[in-house]
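What follows is a single structure, written as structure tokens, with notes after it.
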Amino acid sequence: RNRLVTGLAVSLALAGPLRVLDCGNSFAAHTLARELRRRTPQVTAALQRIHIARAFTCHQVVTLLSTAETATQPILIPELLSTFLDESVALPARRRLLQSAVLHLQRLSSRAPVVVSAPLQSEGRQPGTLLRGAPKALPDPTSELLALLEQAAGSVWRFEPPDTPPAPLRLPGF
């Protein structure tokens with residue numbers, strides 16, 4: 001996903017202004033700069049067309065979206081759900097906050113393209129455990145939150161990793 005998001009950001013930045021609303025500090029600006037350097041000699045001009053705002057919690061995401069002005073420039077929001085997976089915020093509150101975020105996304109998308117990336121399932125999360133007794137698997141809210149997001153989306157594209165990893169490249173003589 002990161003390569004797809006970076007590639008899209010490069011293409012959009014080469015075409016004109018771009019707003020990136022980074023959720024959970026997942027957007028790699030240094031990778032973007034490196035990719036821009038490969039594609040254009042006017043790296044500084046392309047970088048100046050990109051405006052990045054960051055949110056580190058689901059509460060900050062809603063605030064960021066609520067204060068974002070409606071404009072005609074594309075908006076890229078990588079890993080929107082990452083902050084909504086914070087278990088220190090109760091799941092009902094996360095649902096409510098995501099519903100609020102979706103309303104703001106709909107407002108923003110009324111004038112400009114809005115692209116949101118999100119995981120298909122939780123990645124690397126461990127199930128919760130009880131203080132006493134055997135480990136208890138907690139429900140993973142990722143699919144529920146993703147469904148809320150998808151229901152509001154105009155289009156949904158799913159990029160899933162291949163079932164089997166590619167075979168390693170073997171060079172003759174090694």
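When a residue number appears, it is its place in the shown sequence, counting from 1.
- Counting all heavy atoms, side chain and backbone alike, Ala71 lies closest to Ala112 at O-CB, 3.0 Å.
- Hydrophobic clustering (side-chain heavy atoms under 4.5 Å, transitive across Ile, Leu, Val, Met, Phe, Trp, Tyr) keeps Leu148 apart from Leu91.
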For residues 30-39, tabulate all N or O donor-acceptor pairs below 3.5 Å that involve a side-chain atom, not counting sequence neighbours.
{"from": "Glu35", "atom 1": "OE2", "to": "Arg38", "atom 2": "NH1", "distance (Å)": "2.5"}

_Leu80/Leu105 under side chain to side chain contact (heavy atoms under 4.5 Å, CB included): CA gap, chis, key distance, verdict_ = CA-CA 11 Å; Leu80 175 70; Leu105 289 171; 3.9 Å; yes

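- Taking every heavy atom of both residues into account, Ser26 and Pro78 meet most closely at OG-O, 3.6 Å.
- How far CD of Glu150 is from CG of Leu145: 11.5 Å, rounded to the nearest 0.5 Å.
- In the hydrophobic clustering of ILVMFWY residues, with side-chain heavy atoms under 4.5 Å counting as a link, Phe56 and Val89 come out apart.
- Judged by distance alone, the side chain of Ser66 and the main-chain N or O of Thr63 form a donor-acceptor pair under 3.5 Å.
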_Pair Arg54-Asn25, side chain to side chain contact (heavy atoms under 4.5 Å, CB included): steps then yes or no_ = CA-CA 7 Å; Arg54 297 195 193 295; Asn25 203 24; 3.5 Å; yes

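- With rounding to the nearest 0.5 angstrom, the CD atom of Glu144 is 9.5 Å from the CG atom of Leu98.
- In this structure, the side chain of Thr40 does not engage the main chain of Val43 through any donor-acceptor pair within 3.5 Å.
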*Are Ile77 and Leu65 close enough, and set up right, to give a side chain to side chain contact (heavy atoms under 4.5 Å, CB included), and what steps lead you there?*
CA-CA 10 Å; Ile77 307 172; Leu65 292 172; 4.1 Å; yes

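- Following chains of ILVMFWY side-chain contacts shorter than 4.5 Å, one cannot reach Leu103 starting from Leu21, and the two form parts of different hydrophobic clusters.
- The distance from atom NE2 of His51 to atom CD1 of Ile75, rounded to the nearest 0.5 Å, is 12.0 Å.
- Every pair passing side chain to side chain donor-acceptor pair (under 3.5 Å) that includes a residue from residues 96-113 is listed here, sequence neighbours excluded: Thr70-Arg107.
- Not counting sequence neighbours, the partners of Leu97 by the side chain to side chain contact (heavy atoms under 4.5 Å, CB included) test are Cys58, His59, Val62, Phe84.
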_Derivation and outcome, side chain to side chain contact (heavy atoms under 4.5 Å, CB included), residues Arg19 and Leu76_ = CA-CA 6 Å; Arg19 284 192 291 174; Leu76 181 59; over 6 Å; no

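- Looking only at distances, no side-chain donor or acceptor of Asp22 sits under 3.5 Å from a matching main-chain atom of Ala53.
- Under the 3.5 Å distance criterion, the side-chain polar atoms of Thr83 are left unmatched by any main-chain donor or acceptor of Cys23.
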